[in-house]
Amino acid sequence: MKNLRERILKDGRCYSGGILKVDSFINHQMDPYLMKQIAIELIRRFADAPINKILTVEASGIAPAIMLGYLMELPVVFAKKKKPSTMDDMFVSTVRSFTKQRDYTIVISKEYLTAEDHVLFVDDFLAYGNAGLGIIDLCRQAGATIEGMAFIIEKGFQHGRDALQAHGISRIESLAIIDSLEGNVIALRE
């Protein structure tokens with residue numbers, strides 16, 4: 001996606017420790033037109049998959065997931081990072097946050113993830129693959145089928161793709177791949 005790549009280079013900011021900040025257009029302030037373009041590209045890439053549900057993890061994956069769900073006319077479910085007092089019967093997994101450097105519990109109600117579901121997981125970043133691994137765990141508990149995983153930006157140098165593939169995910173699509181953030185310079189894969 002040429003426009004996404006251009007936006008990353010123009011507005012993305014690097015910080016030490018392999019952090020890329022894109023909060024001016026993806027995960028704090030959002031560009032709805034860009035989110036729509038992202039969703040359209042994901043629809044194109046997964047057109048052959050029998051998807052009936054979009055999954056993500058709160059909070060940064062919600063915007064691209066809801067746009068994709070809207071355009072595909074599919075329900076969107078996000079794994080919550082806190083168990084609501086109104087949720088009793090749920091699937092539970094633990095995820096390590098790269099950005100926050102802590103573990104957190106994610107939950108999805110058993111009412112909204114079942115063995116009949118063929119899901120597409122969507123998130124803003126693929127770094128070490130921790131959020132994806134949590135989703136794999138939740139889907140396995142439910143007996144749901146993961147048709148693929150989609151990411152707006154992949155930090156290829158952090159090898160999250162390898163971790164997901166090692167857990168049986170064969171279909172991973174990233175719209176932009178960062179090869180390096182060395183010296184606080186964004187190096188995008190061609």
Side-chain angles (χ1 to χ4, degrees), residues 1-13 19-81 93 95 97-100 104 106-108 112-113 117-136 138-139 144-156 158 160-161 163-164 169 171-178 186 188-189:
M1 281 193 63
K2 183 180 178 209
N3 50 353
L4 173 61
R5 295 168 55 83
E6 289 171 354
R7 195 70 182 269
I8 291 167
L9 293 173
K10 177 180 171 258
D11 295 329
R13 301 288 175 257
I19 295 173
L20 174 63
K21 193 171 180 181
V22 289
D23 67 343
S24 68
F25 60 101
I26 289 181
N27 55 21
H28 190 42
Q29 173 174 276
M30 288 171 254
D31 179 339
Y33 181 70
L34 180 62
M35 284 296 166
K36 182 178 178 187
Q37 292 174 309
I38 286 166
I40 289 168
E41 178 62 17
L42 292 177
I43 290 168
R44 186 187 69 76
R45 292 188 186 199
F46 287 96
D48 63 334
I51 299 161
N52 70 340
K53 191 165 283 180
I54 310 295
L55 288 186
T56 193
V57 176
E58 73 176 340
S60 297
I62 294 174
I66 198 75
M67 184 66 76
L68 185 60
Y70 173 74
L71 294 176
M72 293 181 77
E73 299 182 3
L74 293 175
V76 175
V77 177
F78 65 90
K80 294 178 174 269
K81 290 184 181 174
S93 190
V95 172
S97 170
F98 166 73
T99 318
K100 296 181 177 142
Y104 57 91
I106 59 172
V107 300
I108 291 180
Y112 302 128
L113 185 61
D117 287 323
H118 291 260
V119 305
L120 174 59
F121 172 67
V122 178
D123 209 358
D124 60 340
F125 273 99
L126 171 56
Y128 293 102
N130 296 333
L133 293 174
I135 291 296
I136 291 169
L138 294 174
C139 286
T145 303
I146 298 174
E147 296 294 340
M149 293 191 160
F151 303 91
I152 297 174
I153 300 170
E154 176 179 345
K155 294 193 270 183
Q158 291 176 330
R161 180 180 292 263
L164 298 176
I169 304 301
R171 187 142 186 210
I172 301 168
E173 295 283 344
S174 298
L175 301 183
I177 300 176
I178 309 291
I186 302 167
L188 281 165
R189 186 172 299 173

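Evaluated for a side chain to side chain contact (heavy atoms under 4.5 Å, CB included) with Lys53, the options Val77, Leu74, Val76 yield exactly one hit, Val77.
In this structure, Phe46 and Val122 have side chains that are not in contact, with every pair of non-hydrogen atoms separated by 4.5 Å or more. Using a 4.5 Å heavy-atom cutoff, the side chains of Leu55 and Cys139 are in contact. Residues Leu4 and Gln37 are not in side-chain contact: their nearest non-hydrogen atoms beyond the backbone lie 4.5 Å or more apart. You'll find the side chain of Leu20 reaches within 4.5 Å of the side chain of Ile8, heavy atoms only.
Glu6 is linked by a side chain to side chain contact (heavy atoms under 4.5 Å, CB included) to Lys2, counting only residues two or more places apart in sequence or in another chain. With sequence neighbours left out, the side-chain hydrogen bond (donor to acceptor under 3.5 Å, both in side chains) criterion links Glu41 to Arg44, Arg45.
Around the NZ atom of Lys21, the shell of radius 6.0 Å holds no more than 12 heavy atoms that belong to other residues, nucleotides or ligands. Heavy-atom contacts from other residues, nucleotides or ligands closer than 6.0 Å to NE2 of His118 number more than 12. Surrounding OH of Tyr104 are more than 12 heavy atoms belonging to other residues, nucleotides or ligands, all under 6.0 Å away.
Interatomic distance, Leu126 CG to Ser174 OG, rounded to the nearest 0.5 Å: 5.5 Å. Met149 contributes atom CE, which lies 6.0 Å from atom CZ of Phe121 (distance to the nearest 0.5 angstrom). Here the CD1 atom belonging to Ile26 is positioned 9.0 Å from the CG atom belonging to Asp31, to the nearest 0.5 angstrom. In this structure, Met72 CE and Leu42 CG are separated by 9.0 Å, a value rounded to the nearest 0.5 Å. Here CZ of Arg7 is found 12.0 Å from CD1 of Ile152. Values are rounded to the nearest 0.5 Å. The CG atom of Asp11 lies 9.5 Å from the CD atom of Gln29; values are rounded to the nearest 0.5 Å.
Residues Ala49 and Glu147 share a closest heavy-atom pair of CB-CB, 4.3 Å. Across Ser60 and Asp124, no two heavy atoms sit closer than the pair CB-OD2, 3.0 Å. Closest approach of Ala127 and Gln158 over heavy atoms only: CB-OE1, 3.1 Å.
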If you apply the rule side-chain contact (heavy atoms from CB on, under 4.5 Å), what do you find for Asp117 with Asn52, and how did you get there? CA-CA 6 Å; Asp117 287 323; Asn52 70 340; 3.4 Å; yes
Audit row: Val119, Ile135, side-chain contact (heavy atoms from CB on, under 4.5 Å) steps and yes/no: CA-CA 10 Å; Val119 305; Ile135 291 296; 5.6 Å; no
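For Lys155 (side chain) and Phe125 (main-chain N/O), no donor-acceptor pair under 3.5 Å exists by modelled atom type.
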